[in-house]
Amino acid sequence: MRSPRRNRGAMAAESPPPLLLSLVDEFVSGLQDSRSKDAAKGVKEGQFSVLQLVEALGQSLTSTQPHTRARGVQLLSEVLQESYAELTEREVELLLAFYENRLKDHYVITPPVLRGLQALTKSRRLPPGAAVSMLKALFQDVHVQSLMLAERACVYNMLINLMESREDELKGLGADFVFGFVQSMDGERDPRNLLLAFQIARNILLRGYNLGKFTEELFEVTSCYFPIDFSPPPNDPHGITKEELIQALRAVLTGTPKFAEFLLPLIIEKLDSDVQSSKLDALQTLAACVRQYEDKDLVDFLEGLWSSLRREVFQTSSEKIESAALAALTALTSCLSRSVLKSDSEDSLSTFLDLVLKDCKHHLFEPDLKLVWPSAKLLQAACSASYRAGHLITAAVMPPLVEQYNSRTQCSHRRTLLEVEQRFIQSAAASCQSVDQDESLFSAYKDSLCSMVFSALSESNSSLQITAASLLTSLAQQTGLLSDSDIDLAVDHLTRLLLTDEDESVSLAVVECAGALAERHPAAFINKLIPTLKKEMFPDQREASELRSHDAVRQRCLSALAAVSVQASVVQESAPVLLDVLSSAHADPTCFSTDEVVHACLSLQKIAERLRDDEETSRCFHDVVIPRLLSLALQAALQSEGSCGRRSPLVEEAVLSAMVPVISAACSRPQTTFAEQTASRVVSLFLDGDVSFLPDNSLPSRVSLLQQQQQEDENSWRRSQLVCLLMACVCSFPRSVEVPQEERLLSALEELSCSCSHPLSYTSAAKCFAGLLNKKPEGTDLDGWIQRTVKRVSGELDRPSSSCRLQAFSLLIWVAKALLLRYHPSFSALTDKLFSLLHDADLGPMAADGFSLLMSDSTDVLNRGCHADVRIMYRQRFFSENSAKLVQGFNAAPKEKKPNFLKALSNIVNKLPKQVQVSELPALLSLLLEALTCPDEGVQLSTLSCLEPVLVTPPQVLIQQLEALVSRLLALVGSPSMKIRIASIRCVLALSHLPSHEVLPFRARVLRALAPPLDDRKRLVRREAVQARGEWFLLGSPGGR
Amino acid sequence: MSAGVQLENANPVIFQRSGERLPTASEEDGDVHDPIDDREIFDLIRSINDPEHPLSLEELNVVEQVRVQVNDPESTVSVEFTPTIPHCSMATLIGLSIKVKLLRSLPDRFKIDVHITPGTHASEEAVNKQLGDKERVAAALENSSLLEVVNQCLSSRTI
C-alpha cells in the first residue's frame, strides 16, 4: 500500500497537477462551490498535497481583487477543515504564518481566514509558540464583535480548542489572554455564542489562568448578562433554553472567590427586583457561590444579604422563592461555619447568627402571629447548616421555647410551639449527619422536651396530641437521645391513647409514632405494648361478657400491632396475637366480627409486605403463619359442612380474600429454601389432601379440595373456594422456585374453573391457572396447555345452551391476560375470541368490561409483586395491535351492539399511559366523541375519565374539534347520573386551562351552561360547578388568565 | 412583593384553617337532595386570598363560619366579615371580592348580602352601603383595574 504522506513528499517539488488547477479555477471563479469538497477529498486521498494546493491557488491569493483573494482563502480553509489531521508540523507552520499575515488583509478575507485558523487549532501538530502568535495576531488585528455570528463562533471555538491543547502556552501569555478574551466577547448578544463564551470564561477561572488586573473586567463582561432573561423563539431550531444559559453563566460567576466583592453587591441589588425569575436566579446563584467562598469574602456583605433574605421569607410571594432563600441562608451559614477561628479575628459565624437571632427569635414567642413560621423557617435553615450553627441556635432558642410552652395555656399556641420545636429537631438532625457527633444537640434539653411531649399527650386537645406524637417520633429518631425509661414512659402514653382515645386522627398519629419508636426500641414494645393489647382483645372469660371492648379500640389495637412489627423480634410476638384473633373467631364467631377478622388479616399483610429478608421472620411466616392460616381455613370449611347453625367467619369470601395477600406477600419473598418447602407442602395438601404439616391434627387425613364431587353437595363450595389460598401461594413464588406436580395441578385447576358453579372458586381457579401459565417456560408443554384451553373454552362458549359459559369466559379472560403480559404469540387467538364475544347477546357487555381487566394491574396475581412475567409496555402493544380491529368492529356492528365496542375502547384507552393517549387520540377522537353521545352511562363515564387527563395537555387535533367536544360535554352536565355530571364538569374545568384564544369563544356559553349545576341537588356537583365556573369567569378577564 | 412597599399590617394574627369538608354517605348517594348550608357558603369564601398577604381570608379570621347565614328555601345569604384592623383600607375590596365570589358561585335565585361585622371598622356604614348598592357593585366591576384585583383575590393560588 502506498503511504500518502511519502507520496505527497515526492510530489511536493513538482508543479500542481492540471486536475487541481481546474478545480481551483472553478471554485475561485464562483462556478462550483462543491469543488472544495473534491479538493479536500483529493488531499485526503493523497492525490495532491496542501502545498500544491497553495501553489495552485497562487494566482488567486495574490489577486488585486479582495473577493478573489477571499475565494482563494476560502477554498484553502475548507480543505483544511476536512484535512487538518493529515498536516505535518512544517505545513502547519507555513500555513499559520500565511493566515496570521492574512488577518491584516481586507475585511472580506477575514471570515475564511478565521475558519482556516480554527481548523489549524484542531491540528495536533501545532508547533510550539504557534498558539501564542496566533492569538496575538488575532487579538491585535481582529475586532471580534464587528464580525458576523458564525465568525464570532469561530473565534470562540479557536479559543476553546487552544485551551484544550495548549494550556501551558496560553497561560504563558499571562493576563493578556484574559484581556484579549474580554475584548472579544464584550457585547456578544447571540445565545449560541454566549454559551461558548461562558464556557471559555469558566475554563479561565477553573483552570487557574492568571487574571492579573482584569478580574473586574472579566466579571463585568460576563455579569452584565445576569440575571439571564431569554425566551427562545418559537420553533427554536437551536434548542437553547433559558436554563442552559443560566447554568452556564452561574458556573462563571460562581467560579472563583475573587469575584465575591463584585458578585455579592450585584446579588443584593437583583434581590430587590420585582421580577420573580431574577430573584430566584439571584438566590440560587448566591447559594452556589458561597460554596467556594471563605468568611473573609463574605464578611462585608453579611448584613445586606441577611436583610434581603429575611425580606424574601417574611414577605414571601411564592414558595419557590422562599425555599430558594432558605437554601441560600443554609449555604451561607455553612460557608461561615467552615471558617477557621483565629485568635485575633472575631467569629463571623456567631456574629451572623446573632443578627439572625435578633431579627427572628422574638417572633417565635408570638405563636398566633403570621411571622412565627417565616422566622422559624429561617432559624431552622441556619440551624441545619452545620453542627456549630445548630449548637448556637438551639442554645439560644430551645430554653425560651420550652419556657413559653409552659407559660402558655391556649392549645393552639402550644401546638404551634411544639411544631416549631419539632422542625428544629428535624433540621438539626440534618446538620448532625454531616459531622460524626455522638452527642445529640438536644441532650441538654431532653428532659424538658420529654416532659413537654408527655404533658401534651395527656391533654385532651387532639391536634396537640397529634403534634406531640410527631415530636416524639422526631426525638426517638435522634440516636441515643432518649433513655430506656423515657421510652417506657412513652410506650405507656401511647398504649393509653390507643386504648382510650376515640379521635381517629389521633389514633392514626399514635399508631404511626408507635411504629417509628418500635423500629429503634423493640424491647419496650415486646414487654409492654403487645401484652397489654393482647389482654385488651382477649379478656379473661369471667370479664368477657361485660368487658367486651369497643370495636374501635380493637381496630386500633390491630393497626398498632401491624405498625410496631418492624423488627423480627416484635413480629414473632405480634403475629401470633393476630393469628389468635382468627382462631378465636373461628372457635366462637360471636367474639370477633368479620370486619375485625379481615382487619387482622390486613395487619398480617402489612407485616408480611414490610418483612426484612432475614431468616427469622421468613421462618416465622412459612412455618407458623401460612400453615396456621391454611389450617384454620380448612377447619372452617370442613366444620361447617355438617352444622349450619353458627357459621365461622373464616368461610366468608371477605376473610379469604384478605388472607390471600398475606400468603402472597410472604411467598413472594426471595428466600427460596422456605418457598420450596411451602410449595411442596401446599401442593400436596391441595392435590392429595396431605394435612401432615398443618398444626391442628384433628383434621381428617385425606380431604379432597380440588376434585369436584360426583353429586354436587350443597356445601362443596366451602372447600372448593380454598383454591384462592392455593393461588396466593403458588402464583407468588419467585420464578426460580419450581412448583411440584405442575401438570396435575394445572389439569385439576382447569377442570375446577370450567365446571364449578361457585364464583369465587371458579374465578380463583382460573386466576391460579393463568398465573401458572404466565410463569411456565416457553415450549411445547406451554403451547399444548394453551391449545387445550382454547379448545375447551371455545367449545363451551360456542354452545349458547351451555351452563358453563360464564366459567369459560372467566378462564378465557384470565388466560388471555397471562399471555398478554408475557407477549406470548398465541395471545392473538384469544383476543379474536374476545372480540367476537362483543357480539354475543349475553356476554357482550361482560366482554367489554373484560378489556378493562386485561389492561389494568391485578392486585392478587399476575403482577410484578408476585414475580409474574410482565413485559414493559404491554398495554401499548395491545392497543396498537388491536385498536384498528376495534374501530372496524364498531363500524360494522349493528346499532344495538355498538355500545359494547365503545365501552371496550374506552376501557382500553383509559388504562393507557398518558403519553400514548395523547399520541393515539387523533385516530380515536371521533369515536370517543361518539361515545360521549352514547346513551350507556358506563360508556359515558369511562370516556369522560379518559378524556379528562388528556385535556391537561391537549393535542392539536382535539383543539380543532373543540366545538364538538364542548357541546357534548355541556349536554352531559345535565345528566341524571351524579357521577357523570361531576366528571363532565371536571372536563369543562380542564378546558378552561387550554390556550385562552382557543377557548375564549366558548366563555359565555359555558358560563350559561354551568349556572344550572350551581343549583344542583347534590353538593358534590355544586362544588365542581363552582370551581369550573370560577375558572371560566377568570378566563379573559383582567387579573385572571 | 417589592422591597419598598410597607404593609399596613405586616405581622397579623394567623388562624387555623378548617379542613376539607369530608363527603358523607348521603352526599355520595345520587338520589338524596343536599340543601345548601352555612358550611357550603363558608367553603366558597374561606379560600379567597387577602389582597395584601399570601394568606386566605379564613387564616386571617376575616370570615368565620358563624358569621355566615344561609336560608336555602327562601334563597337568602348573609355574610359578615371582619377586617383585621379597624382602619383597614382594603375592607371594601375584601367585601367586593366576597360578593363577586358569591355572585359567581350561587344560583341567581339567591339574594346576597355582604356586610362588615358590626363595630369592627371605622367606616363601616359607608362600606356596607357601597356593597349593598347593586349599581355601584356593577360599576366597580366595569373598572378593569378593580376587577383585576378582585380576580387576583379569587384566583386559586399557584404557589
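Just so we're on the same page: letters track the sequence lines, and every chain starts at 1.
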(message) Does any backbone or side-chain atom of A/Glu1031 lie under 4.5 Å from a heavy atom of chain B? Answer side chain, backbone, both or neither.
(response) side chain
(message) Less than 4.5 Å to any heavy atom of chain A: does that hold for the side chain of B/Leu147, its backbone, both, or neither?
(response) both
(message) Is it the case that over 12 heavy atoms from other parts of the model lie below 6.0 angstrom from the CG atom of B/Asp37?
(response) yes
(message) Please determine whether the number of non-hydrogen atoms from other residues, nucleotides or ligands lying under 6.0 Å from atom CD of B/Glu148 exceeds 12.
(response) yes
(message) I need the minimum non-hydrogen distance between A/Val1026 and B/Leu44, along with the two atoms involved.
(response) CG1-CD2, 3.4 Å
(message) Nearest 0.5 angstrom please: B/Ile36 CD1 to A/Arg1022 CZ, how far?
(response) 4.5 Å
(request) Any chance you could measure B/Ser105, atom OG, to A/Arg1023, atom CZ, to the nearest 0.5 Å? (result) 13.5 Å
(message) Working to the nearest 0.5 angstrom, can you tell me the gap between B/Arg104 CZ and A/Leu1010 CG?
(response) 13.0 Å
(request) For the pair A/Lys1018 (side chain) and B/Val32 (backbone), establish whether a donor and an acceptor sit closer than 3.5 Å, ignoring hydrogens and angles. (result) yes
(request) Against chain B, label A/Ser1037 side chain, backbone, both or neither, depending on which of its atoms sit under 4.5 Å from a heavy atom there. (result) both
(message) Let's test your reading of the structure: which of B/Lys101, B/His33, B/Glu28 forms the most heavy-atom pairs below 4.5 Å with chain A?
(response) B/His33
(request) Mind checking the CZ-CD spacing from A/Arg1019 to B/Glu40? Nearest 0.5 Å is all I need. (result) 5.0 Å
(request) Taking atom CD of A/Glu303 as the centre, report whether more than 12 heavy atoms of other residues, nucleotides or ligands fall under 6.0 Å from it. (result) no
(message) At a 4.5 Å cut-off on heavy atoms, which part of B/Arg21 comes close to chain A: side chain, backbone, both, or neither?
(response) both
(request) Report the distance from atom CG of B/Asp29 to atom CG of A/Leu1020, rounding to the nearest 0.5 Å. (result) 11.0 Å
(message) Let me confirm one number: the NZ-OG1 distance from A/Lys370 to B/Thr84, rounded to the nearest 0.5 Å.
(response) 11.5 Å
(message) Between A/Glu366 and chain B, with a heavy-atom cut-off of 4.5 Å, which part of the residue counts as in contact: side chain, backbone, both or neither?
(response) side chain
(request) Please confirm whether the backbone N or O of B/Val13 pairs with a side-chain atom of A/Asp368, one donor and one acceptor, at under 3.5 Å? (result) no
(message) Which atoms of B/Leu146 are under 4.5 Å from chain A, going by heavy atoms: the side chain, the backbone, both sets, or neither?
(response) neither
(request) Identify which part of B/Ser145 has an atom lying under 4.5 Å from any heavy atom of chain A, answering side chain, backbone, both or neither. (result) neither
